[in-house]
There are 2 protein chains.
Amino acid sequence: MARPSRFDTDQLLDAAVRLAAESGPAGVTMSAVAKQVGAPSGSVYHRFAGRTALLAEVWLRTVERFQESWFAVLGGDPDPRRAGAAAARHTVAWSRAHPQEAALLLYGAADFARAEWSEEHARRADEGHRRVRAALAGLAAALGAEGPAAAERVSVAVIDLPLSLVRRRLRAGEPLPAHTEDLAEECTAALLG
Amino acid sequence: MARPSRFDTDQLLDAAVRLAAESGPAGVTMSAVAKQVGAPSGSVYHRFAGRTALLAEVWLRTVERFQESWFAVLGGDPDPRRAGAAAARHTVAWSRAHPQEAALLLYGAADFARAEWSEEHARRADEGHRRVRAALAGLAAALGAEGPAAAERVSVAVIDLPLSLVRRRLRAGEPLPAHTEDLAEECTAALLG
DNA sequence: CCGATTATAGAGACTCCTCTCTAATATTGT
DNA sequence: ACAATATTAGAGAGGAGTCTCTATAATCGG
C-alpha cells in the first residue's frame with residue numbers, strides 16, 4: 001500500500017531512552033534522535049508532532065512498562081508486608097535489568113515537559129498515577145495504617161526508598177551491587193513495621 | 001577605587017537559584033539570569049567566566065550552605081541513633097525553610113554540568129563529598145554497622161530517605177505537610193534499627 | 001504499468017542562547 | 001581636575017535546535 005518505513009516509532013523511542021539515560025531529558029533533541037538512528041530530522045517529525053510529543057511518548061512508554069510489572073508483583077501476595085517488600089525488590093531488579101529506562105524514570109514527568117503535553121498524553125499519565133495511588137491506598141488499608149502520615153510512610157517504603165537505593169548508581173552509569181535487592185527488601189520491611 | 005556595582009555575585013546567584021527551582025538546571029541560562037535582575041548579559045559575563053562557571057557556583061554555594069548546618073546537627077549528639085535521626089529531621093526542616101535551594105539540590109551536580117567544571121570547582125565539590133562520606137563512615141562505625149551493605153543502609157537512612165520525603169512536594173512547588181519532620185525522624189530511626 | 005499512499009530526504013527559516021567586543025559611565029586616590 | 005579602574009551597557013557574530021516545506025522514493029492494488 002505504501003513505501004515501507006526504515007525508522008519506526010519504537011526505534012526512535014529506543015534512541016530517545018539512550019539519550020535520556022546518558023544526558024538527561026535535555027539531551028533528547030529531535031536532531032540527536034535523528035542522528036542516533038541515522039535518519040534525517042524530517043523522519044522524526046513524521047512520527048512525532050514535535051519535541052513535546054516525543055518527550056511525552058518516551059516517558060509514558062517507559063513508565064507504563066515499569067508499572068505493568070510492578071502491579072503484577074504487588075498484587076501477587078495477599079500478605080501486605082510481603083507484597084510491599086516484593087514490590088520494593090522488584091523495583092531494584094527491574095532497574096538492574098533495564099538500567100537506561102530506570103535512569104530515565106529517576107527524572108520526573110516535569111523534566112519531560114509534562115506541562116506542555118497534549119490532553120491525551122496528560123490523561124495517560126494521570127491514569128497511571130491514579131492506579132498507583134489506588135494500589136498504595138489498598139496496601140495501607142490492609143496494613144491497618146491510618147491517616148495521611150501513615151499513607152506517606154507506606155508510599156516512601158514501597159516506592160521512594162527502593163528508588164533511592166538505585167539512584168546514585170544509575171545516574172553514574174554504574175552497575176548495582178549484588179546485595180541491593182536484599183537491602184531494599186529489608187529496609188522496606190523495616191519501614192512497614 | 002572604581003565604579004560601584006549594581007549587580008553583585010550573590011544577587012546573580014540568587015536569581016539562578018530561583019530559575020533552577022522553577023525550571024531546572026536547563027532554565028539557568030545566562031540571559032535568563034540577566035533578565036531576572038534586569039541586567040544586560042554582559043554584566044553576568046563580567047562576574048562569571050561562562051555558563052559552566054555560573055552553574056558550578058550556584059550548585060556549590062547551595063550545597064555548602066546546606067552541609068554547613070548539616071554537619072553541625074550531625075555532630076551535636078554523641079549518641080549515633082539520635083544524631084542520625086536529628087540529621088534527617090534537619091534535612092526536612094532546612095528544606096522547609098529554603099524550598100528553592102532544596103529543590104535545586106534534588107538535582108545532582110551532573111545536571112549542573114559537573115563534567116565541564118574547572119579544577120577548582122571540582123576540588124570544592126570533592127571536598128564536600130569527602131567530608132560527608134567521612135561523617136557517614138563515623139556514624140556507621142559508632143553504630144557498629146559493618147560491611148558495604150550496612151554502610152549503604154546508614155547512608156540511605158540519614159540522607160536519601162529524608163530527601164525522598166521532600167522530593168515530590170518541592171518539585172511540585174508545594175509546601176511540606178506539617179508532620180514531615182516527625183515522619184523523617186521515625187523512618188530514619190526505624191532504619192538505623 | 002499507473003495512480004494512490006506513505007515514507008524518506010534534506011534545505012532553509014526562525015528562535016534562543018552563548019560569548020565577544022567596544023563604548024560609555026561612575027567612583028576613588030592624588 | 002584628572003588619571004586609573006571597575007563596572008554597566010548593549011550590539012552582534014556564531015552555533016544549536018525546532019519546525020516547515022518541497023521533492024523524491026518505494027510499495028501495493030488494480
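Computed over heavy atoms, backbone and side chain alike; hydrogens, waters and symmetry mates excluded.
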B:Ser43 side-chain N/O to B:Ala39 backbone N/O, donor-acceptor pair under 3.5 Å: no
Round to the nearest Å and state the distance from B:Leu54 atom CG to C:dC17 atom C1'. 13 Å
Is A:Arg131 positioned over the aromatic face of A:Phe71, cation under 6.0 angstrom from the ring centre and no more than 45 degrees off axis? yes
When every nucleotide of nucleotides 10-15 of chain C is labelled 5' to 3' by its protein contacts under 4.0 Å (heavy atoms), B for base, S for sugar-phosphate only, - for none, what sequence of letters results? B-----
In whole Å, what is the span from the CG atom of A:Leu19 to the C1' atom of D:dG17? 14 Å
Find the distance B:Leu12:CG to D:dA9:P and express it as a whole number of Å. 12 Å
Do B:Val158 and B:Thr91 have side-chain heavy atoms sitting under 4.5 Å apart? no
Using the test side chain to side chain donor-acceptor pair (under 3.5 Å), find all partners of B:Asp79 that sit at least two apart in sequence or belong to another chain. none
Tell me whether the NZ or CZ atom of B:Arg171 lies within the 45° cone about the ring axis of B:Tyr107 and under 6.0 Å from its centre. yes
Please determine whether a side-chain nitrogen or oxygen atom of B:Ser31 lies at a distance below 4.0 Å from atom OP1 or OP2 of C:dC16. no
Expressed in angstrom and rounded to an integer, what is the separation of B:His46 atom NE2 from C:dT18 atom P? 19 Å
Quick one: side-chain contact (heavy atoms from CB on, under 4.5 Å) partners of A:Arg169, sequence neighbours excluded? A:Glu174, A:Leu176, A:Pro177, B:Glu152
Among the candidates C:dT18, D:dT27, D:dA9, find the nucleotide nearest to the side-chain atoms of A:Pro4. D:dT27
Separation of B:Phe7 atom CZ from D:dG10 atom P, in whole Å? 10 Å
Side-chain N or O of A:Arg51 closer than 4.0 Å to phosphate OP1/OP2 of D:dT18: yes
Could you tell me the separation between the OH atom of A:Tyr45 and the C1' atom of D:dA23, rounded to a whole number of Å? 20 Å
A:Arg3 CZ to D:dT24 C1': how many Å, rounded? 8 Å
To the nearest Å, give me how far apart CZ (B:Arg47) and P (C:dC19) are. 18 Å
With distance as the sole test, does A:Asp111 use its side chain to make a donor-acceptor pair with the main-chain N or O of A:Gly108 at under 3.5 Å? yes
